[in-house]
Amino acid sequence: MVFLRISPMKGIKRFGKKGNLCPRFIGPFKILERICQVAYRLAMSPALAAVHDMFYVSMLQKYVSDSSHILSYEALELQPNLSYEEKPVQVLDRREKVLRNKTIAVVKLLWRNSKVEEATWELETDMQQKYR
């Protein structure tokens with residue numbers, strides 16, 4: 001398995017992104033055969049059917065399999081306007097933020113459809129009013 005290097009061009013939208021957000025590599029793709037010492041044929045997705053399937057080795061980067069690359073998702077309860085409501089699941093941490101003249105209590109909340117890394121700090125008073 002390899003990633004395919006793409007060259008971003010200024011002002012051109014490629015692979016859904018434009019400018020600095022344009023990806024440098026796409027894939028991973030499976031190697032079908034080795035054409036010569038420096039060229040490989042890749043199994044391309046149907047979306048890239050217009051792209052030639054043979055690439056020079058400098059255009060490829062080795063893919064190292066990692067379990068964190070596998071994305072898992074849960075079905076969301078969408079409302080008719082295609083939005084959903086986030087609800088807090090657990091309070092991970094509590095702190096008091098000291099300003100010059102007052103102290104503010106904040107809590108770190110884990111949200112229903114998010115991971116621990118995506119937990120946010122919120123005002124404790126606001127959370128008590130909203131979710132009582």
Side-chain angles (χ1 to χ4, degrees):
M1 299 290 277
V2 292
F3 285 112
L4 178 62
R5 181 188 317 263
I6 57 171
S7 57
M9 299 178 98
K10 190 170 186 170
I12 295 177
K13 192 172 187 177
R14 287 190 174 173
F15 302 101
K17 302 290 181 187
K18 183 177 178 182
N20 291 341
L21 298 177
C22 184
R24 302 288 188 239
F25 294 93
I26 57 170
F29 299 106
K30 186 176 181 180
I31 297 175
L32 294 178
E33 65 177 310
R34 184 175 180 173
I35 305 299
C36 64
Q37 288 185 352
V38 293
Y40 290 91
R41 186 176 311 278
L42 302 181
M44 304 295 284
S45 64
L48 299 173
V51 178
H52 196 275
D53 63 349
M54 196 166 54
F55 297 95
Y56 190 72
V57 290
S58 68
M59 297 294 294
L60 306 175
Q61 182 176 14
K62 183 180 177 182
Y63 170 69
V64 179
S65 180
D66 188 4
S67 62
S68 67
H69 294 164
I70 300 170
L71 300 176
S72 61
Y73 64 93
E74 296 177 11
L76 297 176
E77 298 172 14
L78 294 177
Q79 297 171 355
N81 63 355
L82 298 179
S83 65
Y84 69 96
E85 183 180 347
E86 282 281 5
K87 294 183 180 177
V89 176
Q90 181 181 5
V91 175
L92 299 176
D93 196 7
R94 276 196 169 83
R95 286 191 188 160
E96 289 188 354
K97 193 168 189 165
V98 179
L99 302 177
R100 290 186 183 190
N101 299 329
K102 60 182 176 180
T103 330
I104 301 173
V106 292
V107 291
K108 189 172 187 178
L109 293 175
L110 176 65
W111 299 94
R112 183 177 58 191
N113 296 315
S114 302
K115 297 179 183 177
V116 176
E117 296 85 27
E118 298 168 349
T120 59
W121 289 97
E122 305 289 338
L123 293 176
E124 188 173 18
T125 55
D126 291 350
M127 296 300 109
Q128 285 177 351
Q129 289 173 1
K130 261 188 180 176
Y131 299 106
R132 272 207 163 168

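Since the structure is predicted, the reported quantities are computational estimates derived from the model, not experimental observations.
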request  = Would you kindly confirm whether L99 and L123 end up in one hydrophobic cluster when ILVMFWY residues are joined by side chain heavy atoms under 4.5 Å apart?
outcome  = yes

task = Using the side chain to side chain contact (heavy atoms under 4.5 Å, CB included) rule, take R24 and R5 through it: C-alpha gap first, then chi angles, then the decisive distance, then the call.
result = CA-CA 6 Å; R24 302 288 188 239; R5 181 188 317 263; 5.8 Å; no

query = Mind checking whether V38 and V2 sit in one hydrophobic cluster, side chains of I, L, V, M, F, W, Y counted as touching below 4.5 Å?
reply = yes

query = Nearest 0.5 Å, what's the CG-CZ distance between D53 and R41?
reply = 4.5 Å

request  = Take V91 and L109 through the side chain to side chain contact (heavy atoms under 4.5 Å, CB included) test and state the conclusion after the steps.
outcome  = CA-CA 5 Å; V91 175; L109 293 175; 3.6 Å; yes

ask   = Is the shortest distance from a Lys or Arg side-chain nitrogen in E86 or R112 to a carboxylate oxygen in the other one below 4.0 Å?
value = no

inquiry  = Just by distance, no angles: are the side chains of T120 and E118 close enough, under 3.5 Å, to form a donor-acceptor pair?
reply    = no

For the student: nearest non-hydrogen atoms of V107 and R94, plus distance = CG1-CG, 3.7 Å

Shared hydrophobic cluster, V51 / I31 (ILVMFWY, side-chain heavy atoms < 4.5 Å) = yes

inquiry  = Nearest 0.5 angstrom please: K62 NZ to M1 CE, how far?
reply    = 13.0 Å

task = Return yes when atom CG of N101 has more than 12 non-hydrogen atoms of other residues, nucleotides or ligands closer than 6.0 Å, and no otherwise.
result = no

key: Aromatic centroids of Y63 and F3 separated by under 6.0 Å   = yes

inquiry  = For F29 versus S45, what's the shortest heavy-atom pair and its separation?
reply    = CE2-N, 4.2 Å

message = Side chains of L42 and F55, heavy atoms from C-beta outward: is any pair under 4.5 Å?
response = yes

key: Hphob cluster co-occupancy, I26 + Y40, side-chain heavy atoms under 4.5 angstrom   = yes

key: Between CG on residue L110 and CG on residue L92, distance to nearest 0.5 Å   = 5.0 Å

task = Go through L4 and M59 one step at a time and tell me if the side chain to side chain contact (heavy atoms under 4.5 Å, CB included) criterion holds.
result = CA-CA 6 Å; L4 178 62; M59 297 294 294; 4.2 Å; yes

message = For the CZ atom on F25, are there more than 12 heavy atoms of other groups (residues, nucleotides or ligands in this structure) within a distance under 6.0 Å?
response = yes

ask   = Can you tell me if R95 uses its side chain to pair, donor with acceptor, with the backbone of K97 under 3.5 Å?
value = no

key: Cluster link Y56 to M54, ILVMFWY, side chain under 4.5 Å   = no

request  = Mind checking the CE-CG spacing from M44 to L32? Nearest 0.5 Å is all I need.
outcome  = 10.0 Å

query = Passes side chain to side chain contact (heavy atoms under 4.5 Å, CB included), V89 versus K87? Steps please.
reply = CA-CA 6 Å; V89 176; K87 294 183 180 177; over 6 Å; no

